[in-house]
J.: 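Pasting a structure here, questions to come.
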Amino acid sequence: MAVELDPEELRPTITRLKRARGQLDGVIRMLEEGRDCEAVVTQVAAVSKAVDRAGFAIIATGLRTCYADEPSGEGVDVKRLERLFLSLS
């Protein structure tokens, strides 16, 4: 079952991903400039966490939409949902 995501509902997630894109550009600049390893790794970790949080927010929004459309949850493919969660770990 495909779930259409509402861009307005995901506006904060979109903003988070845009910020992460900016952070990633910063990491690339840091590497190109030969910056300190610890500083670079700290920024990579921040980008990774932001992207992970965005992924969980997208899954949560999709799940909420599924249950709004079908409160019994019978149409939810549990294995597929589990794969989505595990893909973020």
J.: Hydrophobic clusters here meaning ILVMFWY residues chained together by side-chain heavy-atom distances under 4.5 Å, can you tell me if Ile58 and Val47 are in one?
T.: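 In one cluster with Ile58: Val47, no.
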J.: Does Val44 have any side chain to side chain contact (heavy atoms under 4.5 Å, CB included) partners at least two apart in sequence or in another chain, and if so, which?
T.: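 Once residues adjacent in sequence are excluded, the partners of Val44 under the side chain to side chain contact (heavy atoms under 4.5 Å, CB included) criterion are Val27, Val40.
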J.: Report yes or no: do Val51 and Val41 belong to one cluster of Ile/Leu/Val/Met/Phe/Trp/Tyr joined by side chain heavy-atom distances under 4.5 Å?
T.: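 In one cluster: no.
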J.: Hey, mind stepping through Arg11 and Ile14 against side chain to side chain contact (heavy atoms under 4.5 Å, CB included) and telling me if it holds?
T.: CA-CA 5 Å; Arg11 182 71 41 213; Ile14 293 167; 4.0 Å; yes
J.: Pairs in or reaching into residues 18-43: which pass side-chain hydrogen bond (donor to acceptor under 3.5 Å, both in side chains), with residues at least two apart or in two chains?
T.: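 Every pair satisfying side-chain hydrogen bond (donor to acceptor under 3.5 Å, both in side chains) with a residue in residues 18-43: there are none.
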J.: Applying the 4.5 Å side-chain criterion to the ILVMFWY set and letting contacts propagate, would Leu17 and Leu10 be lumped into a single cluster?
T.: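 As far as the 4.5 Å side-chain criterion goes, Leu10 and Leu17 are not connected within one cluster.
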J.: Tell me every residue that passes side chain to side chain contact (heavy atoms under 4.5 Å, CB included) with Ile59, counting only those two or more places apart in sequence or in another chain.
T.: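 Applying side chain to side chain contact (heavy atoms under 4.5 Å, CB included) to Ile59 gives Leu81, Leu84, Phe85, Leu88.
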